[in-house]
Visitor: 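Below: one structure in C-alpha cells.
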Amino acid sequence: MRIIHTSDWHLGQNFYGKSRAREHRAFMDWLLEQIALHKVDALIIAGDVFDTGTPPSYARALYNQFIVQMQQSECQLIILGGNHDSVSTLSESKELLACLNARVIPGAFDNISEHVFELNNRQGEVGAIVCALPYLRPRDIVLSQAGQSAADKQQQLANAIAALYQDSFVVAQGIQAKQQAPVPIIATGHLTTVGASTSESVREIYIGSLDAFNANLFPAADYIALGHIHRPQKIAKTEHIRYSGSPIPLSFDELNGDKSVFLVEFDGTSPTVTGLIVPKFQPLAVIKGDLAHIETQINRLAAEAAADEAIEESGNQLNHNTWLSVEVSEQDYLSDLQTRIGELIDGKPIEVLQLKRARTARSAQIERIDNEILAELSVTEVFERRLAQEEWSTDPQLQTRGRIKAQFQQVLANVEESLIQGVEDKA
C-alpha cells in the first residue's frame, strides 16, 4: 500500500497582491506525475485545501480540475477540512465528488464511525484503514461551562480531541481484526502539536483555548498524517507522526529548506517514509543589510535569473521574475528608500513585494516606533500594534483578545477575497 501525504495547499492565496494560481497548477501537474510514477494507491490532503472560507472562482476551478484528473490515475483521494476551509464550501460538492473516487471530510461528524473507512489498493484489496479526522472546531466537540478558567478550557478541549482519536481508533481496530492479513491504520489531523516548528503564515488555530495538542495523546496508529504546520517535520522524535508541510512557500520565512510531500509505503503495518521534493515554481528571495549589500545581491539575483533563462525553459519555473523581500538596516532606512530600491531593480527580472526596516533590539525599536510608516508594516502588524496598547492580563481579557484576533482574521480574509474578485472581474 502506497500513499502520498500532503497538506496546506491554500488555493487562492493572495501573496502581497500576487496570485499563486500558476504555482498551484504546476504543483498539481507535478503531483499527478508522482502518483503515476510511484503507483500511489491513495492521496491524503490533511487540511487547508483553500486559503479562505470563500475561495475565489479560479481556486475552486483548480480544485475541481485536479479531482477530475485524479480519476485517470486510479488513485483514491481523501480531503480533510482545515481551519482555513469552510465546512459548508467543502460539503457542497461532497456527494458529487464521492462519485469521482474522492472522499471529503469537511468537519466533525456526529457519528464517529463516519470518520473510519477502508482504503483499497490498486488490486482492489483492503490496503489500509483510515481514521480521517479533520480540523476539530471547539464548538463541535465541547460545551463551555460557567466558571471555567482558561486552563480548564484547554484541558477540556485536549481531552475531547484525544477521546475522538481513541474512539475512531477503536472502530478501526474492529475493522482491522476482520481482515485476513494485517493492514495498517492511518490517522489524520489538522492541528498544532507540542514542539512543532511554525512559520509566520500559520495562524493561531485554537485561539484562547488550546496552544498545542500533546502528541502522546494520539492513538497507536501506524502512520499519522498531519496538516496545519507549513514546514515538513517529524513530531515527538518519531518516524510515523509527521507534518508534510505546504507544497509552496506561503511566507518569506519559509524559504529555508525544501518543500515536499511524503510518500509512505507499507510493508504489512510498518511504514517507510520518503520525502519527495517539490520543485520551486516561483523564485523568491530575502535580502537583508545596508544599501550597498542590497545592490550587490539584487545584481546577483538578476544575473542568476538571466543564466537560468538562457539555459532552457525546463518547466520547473513558470516566472523568472524573482519576488523579493528587502529588509534594510536602520542606518540606511531613508525617506526616499522606496525610490532607491526601485532604481536598483529597474529593468531587472525582480519585483519587490515587501520592504521593511530591520528589527533590532527592543529598546531601539521602542525609540523609533513613532517614526514607523504604514508602508513598512503589514496589515497584521498594524493590528498587533493596536492590540499591544491595551491591557490583556486576566483570563476574560485574554479570551476577549482571542475573539478579537479571530474576527480580525476573518475580516482580513474577506477583504482579500474581495480584492481578488475585483481583479478577476477586470480580467
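The structure presented is a predicted model; accordingly, all values stated were derived computationally and were not measured.
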Visitor: Establish, from distance only, whether the side-chain atoms of Gln155 and Asn159 form a donor-acceptor pair under 3.5 Å.
Guide: yes

Visitor: Would His24 and Ile248 satisfy side chain to side chain contact (heavy atoms under 4.5 Å, CB included), going step by step from the backbone distance to the final call?
Guide: CA-CA 8 Å; His24 278 128; Ile248 66 173; 3.6 Å; yes

Visitor: Are Leu119 and Ile78 side-chain neighbours, meaning at least one heavy-atom pair lies under 4.5 Å?
Guide: yes

Visitor: Using side chain to side chain contact (heavy atoms under 4.5 Å, CB included), reason through Ile287 and Val328 one step at a time and then give a plain yes or no.
Guide: CA-CA 8 Å; Ile287 294 177; Val328 187; over 6 Å; no

Visitor: Is any side-chain heavy atom of His10 less than 4.5 Å from a side-chain heavy atom of Phe50?
Guide: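 In short, these two side chains do not touch, never coming nearer than 4.5 Å.
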
Visitor: Where is the tightest heavy-atom contact between Ala132 and Phe117, given as atom of each residue plus distance?
Guide: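 Distance-wise, the nearest heavy atoms are CB-CE2, 3.6 Å.
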
Visitor: For Glu74, does the CD atom have more than 12 heavy-atom neighbours from other residues, nucleotides or ligands under 6.0 Å away?
Guide: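 No, because the 6.0 Å sphere around CD of Glu74 holds 12 heavy atoms or fewer from other groups.
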
Visitor: In terms of side-chain heavy atoms, does Thr6 have a donor or acceptor partner in Ser244 at a distance below 3.5 Å?
Guide: no

Visitor: Does Arg2 offer a backbone N or O that forms a donor-acceptor pair with the side chain of Asp41 under 3.5 Å?
Guide: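 Yes, Asp41 side chain to Arg2 backbone: donor-acceptor pair under 3.5 Å.
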
Visitor: First locate atom CD of Glu23, then atom CE of Met28, and finally report the distance between them rounded to the nearest 0.5 Å.
Guide: 12.0 Å

Visitor: For Val49 versus Ile45, what's the shortest heavy-atom pair and its separation?
Guide: CG2-CG2, 4.0 Å

Visitor: Just wondering, more than 12 heavy atoms not from Gln180 lying within 6.0 Å of its CD?
Guide: no

Visitor: Salt bridge between Glu254 and Arg231, side-chain N to carboxylate O under 4.0 Å?
Guide: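 Result for this pair is no, no salt bridge flagged.
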
Visitor: Has Asp267 got a side-chain atom pairing as donor or acceptor with Ser270's backbone, closer than 3.5 angstrom?
Guide: no

Visitor: For a 4.5 angstrom cut-off between non-hydrogen side-chain atoms, does His5 reach Val261?
Guide: no

Visitor: Once the angle between the rings of Trp9 and Phe27 is folded into 0 to 90°, is it parallel (under 30°), tilted (30 to 60°) or perpendicular (over 60°)?
Guide: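 Taking Phe27 first and then Trp9, their aromatic rings stand perpendicular (interplane angle over 60°).
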
Visitor: Quick check for you: to the nearest 0.5 Å, what is the distance between Phe218 atom CZ and Tyr165 atom OH?
Guide: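 These two atoms lie 5.0 Å from each other.
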
Visitor: Does NZ or CZ of Arg242 fall inside the cone over Phe262's six-membered ring, less than 6.0 Å from its centre and within 45° of the axis?
Guide: yes

Visitor: Quick check for you: to the nearest 0.5 Å, what is the distance between Thr269 atom OG1 and Ile186 atom CD1?
Guide: 11.0 Å

Visitor: Report the distance from atom NE2 of His228 to atom OG1 of Thr193, rounding to the nearest 0.5 Å.
Guide: 9.5 Å

Visitor: Would you mind reporting whether Ile161 and Phe213 have side-chain heavy atoms less than 4.5 Å apart?
Guide: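 Counting from C-beta outward, Phe213 and Ile161 do come under 4.5 Å.
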
Visitor: Sub-3.5 Å donor-acceptor pair from the side chain of Thr188 to the main-chain atoms of Leu133, do we have one?
Guide: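 Confirmed, Thr188 side chain pairs with Leu133 backbone.
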
Visitor: Listed by chain and number, what are the ring pair (Phe, Tyr, Trp, His ring centres under 6.0 Å) partners of His115, not counting sequence neighbours?
Guide: Phe109

Visitor: Indicate yes or no: at least one non-hydrogen side-chain atom of His240 is less than 4.5 angstrom from one of Lys234.
Guide: no

Visitor: Look only at the side chain of Asp48 and the backbone of Gly81, and say whether a donor-acceptor pair between them is shorter than 3.5 Å.
Guide: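 A pair under 3.5 Å: no.
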
Visitor: Hey, which of Pro247, Pro249, Ser7, Ser246 is the one that makes side-chain contact (heavy atoms from CB on, under 4.5 Å) with His230?
Guide: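 Answer after filtering Pro247, Pro249, Ser7, Ser246: Ser246.
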
Visitor: A side-chain contact here means heavy atoms from C-beta on lying under 4.5 Å apart; do Leu301 and Leu324 qualify?
Guide: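 They are in side-chain contact.
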
Visitor: Is it true that Arg60 and Glu92 make a salt bridge, defined as a side-chain N closer than 4.0 Å to a carboxylate O?
Guide: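 A salt bridge links Arg60 with Glu92.
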
Visitor: To the closest 0.5 Å, what do you measure between CD1 (Ile175) and CD1 (Ile129)?
Guide: 5.5 Å

Visitor: Can you name the nearest heavy-atom pair linking Gly47 to Asp85, along with the distance?
Guide: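 The answer is C-OD2, 3.9 Å.
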
Visitor: Output yes when a side-chain donor or acceptor of Gln282 lies under 3.5 Å from a complementary backbone atom of Asn321, and no otherwise.
Guide: yes

Visitor: Is there side-chain contact between Asn120 and Val126, with at least one heavy-atom pair below 4.5 Å?
Guide: yes

Visitor: Is it true that, when you exclude Asn111 itself, more than 12 heavy atoms of the residues, nucleotides or ligands shown sit nearer than 6.0 Å to its CG?
Guide: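 Yes, the 6.0 Å shell around CG holds more than 12 heavy atoms from other groups.
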
Visitor: Distance under 6.0 Å and angle within 45° of the ring axis: does Arg22 meet both against Phe281?
Guide: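 Not satisfied by the 6.0 Å and 45° rule.
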
Visitor: Give me the atom names and distance for the closest heavy-atom approach of Ile341 to Val326.
Guide: CD1-CG1, 4.4 Å

Visitor: Does Asn14 offer a backbone N or O that forms a donor-acceptor pair with the side chain of Lys18 under 3.5 Å?
Guide: no

Visitor: Just how far is it from atom CD of Gln176 to atom CG of Asp222, taken to the nearest 0.5 Å?
Guide: 7.0 Å

Visitor: With a 4.5 Å cut-off on side-chain heavy atoms, are Leu31 and Leu43 touching?
Guide: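 Of all side-chain heavy-atom pairs linking Leu31 with Leu43, at least one is under 4.5 Å.
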
Visitor: Could you check whether Asp51 pairs with Arg20 (Lys NZ or Arg NE/NH1/NH2 to Asp/Glu carboxylate O, under 4.0 Å)?
Guide: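 Result for this pair is no, no salt bridge flagged.
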
Visitor: One pair to check against side chain to side chain contact (heavy atoms under 4.5 Å, CB included): Leu77 and Arg103. What are the steps and the verdict?
Guide: CA-CA 6 Å; Leu77 176 60; Arg103 189 184 288 258; over 6 Å; no

Visitor: Report the C-alpha separation of Leu164 and Leu136 in whole Å, then their side-chain angles, then the decisive distance to 0.1 Å, and conclude whether the side chain to side chain contact (heavy atoms under 4.5 Å, CB included) test is met.
Guide: CA-CA 10 Å; Leu164 280 176; Leu136 300 170; 3.9 Å; yes

Visitor: Please work out whether the ring planes of Phe15 and Phe252 are parallel, tilted or perpendicular, with thresholds of 30° and 60°.
Guide: tilted

Visitor: Would Ser251 and Asp253 satisfy side-chain hydrogen bond (donor to acceptor under 3.5 Å, both in side chains), going step by step from the backbone distance to the final call?
Guide: CA-CA 5 Å; Ser251 62; Asp253 74 333; 2.4 Å; yes

